[in-house]
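Quick notes on the structure that follows.
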Amino acid sequence: MTNPPNLEEHLEEGIGRLQDGLDGFVGDSGMPLSARMQGAGGAAQQGMGEICDSLRDVTADRPLMALLGASFLGFLVTAFLRRRRG
């Protein structure tokens, strides 16, 4: 059986090789692909955080409108799903 630290070492080495291969495949434009992907992931996470903050502010300021909006969205989803099955 493989020693767990040895397994982790091999896994990290394999991931590093995969990232290097992807960087070489896509072409190096100054920044490695893995760094660009991490940057895009961070930007997406920040954008989702801003959307969630805005949504929380709207629901705190106007709870009745939030309830009506959620009800309408649920109605649309139900109508869409019933139409697809029927």
Check: Can you tell me how far CG of L76 sits from CG of L81, rounded to the nearest 0.5 angstrom?
Finding: 11.0 Å
Item checked: Results of side-chain hydrogen bond (donor to acceptor under 3.5 Å, both in side chains) for D61 - residues two or more places apart only -> none
Check: With sequence neighbours left out, what residues match D57 under salt bridge (Lys or Arg N to Asp or Glu O under 4.0 Å)?
Finding: none
Next item on the list: Linking directly or through intermediates, with side-chain heavy atoms under 4.5 Å: list the remaining ILVMFWY members grouped with I51, chain and number order.
Entry: M48
Check: Is there side-chain contact between F72 and L68, with heavy atoms separated by less than 4.5 Å?
Finding: no
